[in-house]
Amino acid sequence: MAMDLDVRLLGSLEIEADGALLPLGGPRSGRLLAVLLLNVNSVVTTDRLIEVIWDREPLSARQQIHNVVADLRRRVAAAPALTLVTARLGYRLEMDVGLLDLSRFRAAVRAADAAVSAGRPAAAVTA
């Protein structure tokens, strides 16, 4: 049986799996997850993650990123449709983009724009 999964970036950052919210950890985990979701299925460099997480990079930033990623991997393990992959220069969150509310919103906006262009305002409103 497939898991019902909803990943929310718009509003509160949340991952809901089968009706239950997954605990995502603290602010660093949230920032890291948000950046990975904004770049879903693409590599985000460790340098970029460090820029996002800290105003002033601590000496142990790379190790701390590694620790945050390891913790986040454990937390999303309950959602097998999400895979946090280590890449050569950073990390990539692999998932079906249809699970992400931002992707669904963008698709709805494109559908509404297309309906307006086609002279179908009612369809645009529905989209």
Side-chain angles (χ1 to χ4, degrees):
M1 185 166 134
M3 172 179 282
D4 183 30
L5 189 64
D6 188 24
V7 180
R8 300 182 195 119
L9 186 55
L10 302 174
S12 296
L13 178 61
E14 298 175 331
I15 298 175
E16 185 177 326
D18 286 337
L21 292 178
L22 299 181
L24 299 179
R28 288 183 186 150
S29 289
R31 287 186 204 124
L32 184 132
L33 180 58
V35 171
L36 292 172
L37 287 169
L38 286 169
N39 297 278
V40 71
N41 297 320
S42 297
V43 173
V44 178
T45 66
T46 301
D47 289 340
R48 177 67 182 133
L49 293 172
I50 290 169
E51 287 174 10
V52 168
I53 293 177
W54 290 282
D55 291 329
R56 293 179 48 215
E57 177 182 341
L59 294 175
S60 61
R62 291 188 181 283
Q63 182 60 45
Q64 288 186 50
I65 290 287
H66 176 76
N67 294 342
V68 171
V69 166
D71 180 59
L72 191 56
R73 271 195 183 113
R74 284 189 295 278
R75 292 174 182 280
V76 301
L82 304 177
T83 305
L84 187 48
V85 176
T86 302
R88 185 169 166 263
L89 298 175
Y91 300 92
R92 177 178 63 248
L93 182 64
E94 295 178 349
M95 63 179 269
D96 174 351
V97 295
L99 298 173
L100 181 60
D101 64 350
L102 178 62
S103 295
R104 294 188 307 267
F105 174 76
R106 288 177 174 162
V109 169
R110 284 190 302 274
D113 286 344
V116 167
S117 295
R120 300 179 9 245
V125 170
T126 300

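Numbers here are sequence positions counted from 1.
Using a distance-only test at 3.5 Å, with no hydrogens or angles considered, a donor-acceptor pair links the side chain of N41 to the main chain of M95.
The nearest pair of heavy atoms linking P121 to G119 is CD-O, 3.2 Å. The heavy-atom pair separating A127 from A108 by the smallest distance is O-CB, 3.4 Å. Closest of all the heavy-atom pairs between R104 and G98 is NH1-O, 3.1 Å.
If you chain together hydrophobic residues whose side chains sit under 4.5 Å apart, F105 and V125 never meet in one group. A chain of hydrophobic side-chain contacts below 4.5 Å, direct or via other Ile, Leu, Val, Met, Phe, Trp or Tyr residues, connects V109 to L38.
Taking a cutoff of 4.0 Å between a charged side-chain nitrogen and a carboxylate oxygen, D71 and R74 qualify as a salt bridge.
Distance CG/L72 to CD1/I15: 7.0 Å, rounded to 0.5 Å. To the nearest 0.5 angstrom, R48 atom CZ is 11.0 Å from L36 atom CG. Interatomic distance, CG of N39 versus CG of L49, reported as 9.0 Å (0.5 Å rounding). In this structure, the separation between CG on L33 and CG on L9 is 8.0 Å, given to the nearest 0.5 Å.
Within the 4.5 Å cutoff, the side chain of L37 has heavy atoms near those of the L13 side chain. A heavy-atom distance below 4.5 Å is found between the side chains of L21 and R8.
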Pairs of donor and acceptor atoms involving the side chains of residues 23-32, under 3.5 Å and at least two apart or interchain, shall be tabulated with distances.
from	atom 1	to	atom 2	distance (Å)
R28	NH1	Q64	OE1	2.8
R31	NH1	I53	O	3.2

Exercise for the section: Show your reasoning for whether side-chain contact (heavy atoms from CB on, under 4.5 Å) applies to L5 and D96. Expected result: CA-CA 10 Å; L5 189 64; D96 174 351; over 6 Å; no

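Annotation for L59: atom CG does not count as buried by contact number, only 12 or fewer foreign heavy atoms lying within 6.0 Å.
Using modelled atom types, one finds a donor on one side chain and an acceptor on the other under 3.5 Å when comparing R73 with T86.
The side-chain contact (heavy atoms from CB on, under 4.5 Å) test applied to T46 returns I50, R62, I65, Y91, not counting sequence neighbours.
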